[in-house]
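In what follows, chains carry the letters A, B, and so on, assigned in the order in which the sequence lines appear, proteins first and then strands, with residues in each chain numbered from 1.
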Protein chains: 2
Amino acid sequence: MENYQDQDKILLAVDCIIFGFDKKNLKILLIKRDFEPERGRWSLMGGFLKKDENLDEAADRVLNHLTGLHDVYMEQLRSYSAVDRDPMERTISVAYYALINANEAEAELNEDFSAKWFNIHEAPNLIFDHNTMVNNAMARLRRRALTKPIGFELLPKKFTMKQLQTLYEAILDEKLDKRNFINKINALDILLKTEEKDMKSSRKGSFLYMFDEVKYNKKVKEGFAFKL
Amino acid sequence: MENYQDQDKILLAVDCIIFGFDKKNLKILLIKRDFEPERGRWSLMGGFLKKDENLDEAADRVLNHLTGLHDVYMEQLRSYSAVDRDPMERTISVAYYALINANEAEAELNEDFSAKWFNIHEAPNLIFDHNTMVNNAMARLRRRALTKPIGFELLPKKFTMKQLQTLYEAILDEKLDKRNFINKINALDILLKTEEKDMKSSRKGSFLYMFDEVKYNKKVKEGFAFKL
DNA sequence: TTTATTAGTGTTAAAATTTCACTTCTAAAA
DNA sequence: TTTTAGAAGTGAAATTTTAACACTAATAAA
């Protein structure tokens with residue numbers, strides 16, 4: 001550790017991997033750049049860290065700028081620092097991934113960015129190292145979804161068991177057994193079963209559930225650990 | 001994303017959580033600062049990122065500067081960015097943790113830093129947010145040790161089963177059943193049993209094993225996943 | 001030759017996970 | 001009014017995994 005004066009100062013960016021879910025598929029929100037470098041290509045939404053904010057705040061600001069949303073689930077992923085990752089200027093990027101309710105966001109999307117939702121498996125090639133970021137984010141999301149109740153962030157407040165299962169199948173990219181899934185979820189005892197039914201998906205209709213966050217937090221305090 | 005010219009440039013540091021193992025306890029290597037700020041207090045070894053290197057390289061350089069070692073297992077942990085984390089100047093730090101063979105390092109420790117090994121449970125309070133970094137590193141190490149064969153990085157090339165078990169007990173901070181542990185390790189089939197015995201620990205002597213990295217890599221290619 | 005000490009070795013019970021198929025309900029069609 | 005089509009909802013049995021557990025072997029030192 002040497003003195004502070006002689007050190008290189010460097011641009012710090014945050015890039016956001018924004019996940020959504022549309023009843024069927026896991027999606028990411030990308031923007032079409034109309035600025036240099038790489039104008040016209042698809043990329044993650046990003047922005048530079050300012051002197052008076054921390055990285056979480058910067059990520060929140062960047063996400064809000066595009067989606068209009070606040071209080072969104074975000075988690076720092078990691079830093080990307082290849083010397084030539086940005087051809088314009090040396091930039092370190094810290095990636096964050098966000099989980100949002102795609103429907104809510106849709107309405108408020110900032111049109112300045114020509115943003116578009118892509119099915120996670122059909123996303124275009126991205127600039128710089130953004131493909132790597134997305135892959136790393138997917139891996140993190142998969143792991144996290146098994147140990148924290150973050151899936152609910154991607155669903156509307158009220159959802160059916162089937163929707164929840166479909167979501168997990170999309171995240172984990174594998175089919176799950178219906179009975180086992182429901183049994184596991186119910187064993188966790190963190191959902192609130194409403195009286196309402198969703199009649200859109202079937203003749204019979206299926207009950208709507210809500211994530212009971214208060215109950216969950218109480219259980220966590222008592223040593224409970226979410227585990228799917 | 002705005003233009004690059006108007007953005008704030010910021011100091012970027014790397015800090016290293018250096019883990020070692022001394023036959024019995026998990027340790028971390030700390031330095032006593034003889035420079036400002038916080039002169040005289042204990043801290044992690046750190047340094048600033050230079051324009052022409054990436055974070056991995058910076059972490060390697062910083063580690064080497066203190067220990068004289070290269071080709072050490074290191075993994076990026078995460079970034080720490082509280083606005084006032086460093087009272088001297090706005091600095092973002094990216095933490096790395098390293099696993100080294102404490103014995104090897106001991107000889108080559110750079111004396112300029114008044115470095116000292118501390119039992120992980122007896123470490124002093126550290127400057128800035130370094131305590132948080134250490135805690136986060138411990139959590140990561142625990143998780144990683146269960147899914148990757150990184151424990152061997154902390155041991156000499158040849159080690160006894162008992163040593164390996166003691167290491168895992170130190171990392172996980174819990175007692176393990178001897179027979180179950182050995183059965184699990186043997187089931188993985190990634191160790192090479194040598195003809196040699198370590199006679200220091202008992203009358204009977206115990207066989208020395210080596211991690212068979214070639215075999216491990218081959219198995220990984222065929223879909224094998226380390227899981228303790 | 002005895003003793004003291006750690007190394008080394010498998011089985012059994014319990015818990016967790018996986019597999020699997022039929023009935024219920026209701027709207028729409030006949 | 002009755003039939004039909006299609007998803008919702010429900011639990012037991014088999015398998016796999018994990019956890020608990022105690023004695024013999026080997027050797028150096030006494």
What residues, two or more places apart in sequence or in another chain, satisfy salt bridge (charged side-chain N to carboxylate O under 4.0 Å, His left out) together with A:Lys162? none
Under the side chain to side chain contact (heavy atoms under 4.5 Å, CB included) rule, collect the residues that match up with A:Lys184, sequence neighbours excluded. none
DNA chain C: 5'-proximal contact among A:Lys227 and B:Lys193 (nearest heavy atom): B:Lys193
Taking the six-membered ring of B:Phe128 (Phe, Tyr or Trp), confirm whether the NZ or CZ of B:Arg33 is under 6.0 Å from its centre and within 45° of its axis. yes
Roughly how many Å is it from CG in B:Leu208 to P in C:dT6, rounded to a whole number? 17 Å
Can you list the residues that meet the ring pair (Phe, Tyr, Trp, His ring centres under 6.0 Å) rule with A:Phe118, with sequence neighbours excluded? A:Trp42
Could you list, one pair per line, each protein nitrogen or oxygen that sits under 3.5 Å from a nitrogen or oxygen of nucleotides 24-29 of chain D, together with the distance?
residue : atom : partner  : partner atom : Å
D:dA25  : N3   : B:Lys204 : NZ           : 3.3

Separation of C:dT26 C1' from A:Lys200 NZ (nearest whole Å): 17 Å
Starting from C1' on C:dT18, measure out to NZ on A:Lys178 and report it in whole angstrom. 16 Å
Could you pull out all residues at least two apart from B:Asp60 that satisfy salt bridge (charged side-chain N to carboxylate O under 4.0 Å, His left out)? none
Expressed in angstrom and rounded to an integer, what is the separation of B:Glu174 atom CD from D:dA20 atom P? 11 Å
So do B:Lys178 and B:Ile182 actually touch side chain to side chain, heavy atoms under 4.5 Å? yes
Sequence neighbours excluded, which residues qualify as side chain to side chain contact (heavy atoms under 4.5 Å, CB included) partners of B:Arg78? A:Gln76, B:Tyr80, B:Asn136
Rounded interatomic separation in angstrom, taking CG from A:Asp198 and P from C:dA27: 13 Å
Short N/O separations, protein against nucleotides 11-15 of chain D, under 3.5 angstrom:
residue : atom : partner  : partner atom : Å
D:dG11  : N7   : A:Asn183 : ND2          : 3.2

Value in whole Å for how far the P atom of D:dT18 lies from CG of B:Leu228: 10 Å
Taking CD from B:Gln163 and C1' from C:dA7, how many angstroms apart are they, rounded to a whole number? 13 Å
With B:Tyr168, which residues qualify under ring pair (Phe, Tyr, Trp, His ring centres under 6.0 Å), at least two apart? B:Phe181
Name the closest nucleotide to the B:Ile182 side chain, picking from D:dA19, C:dT9, D:dA8. C:dT9
Can you sort out the partners of B:Val134 under side chain to side chain contact (heavy atoms under 4.5 Å, CB included), two or more places apart, ordered by chain and number? B:Ile17, B:Ile28, B:Leu44, B:Ile120, B:Leu126
Whole angstrom is fine here: how far is it from NZ in A:Lys175 over to P in C:dT18? 17 Å
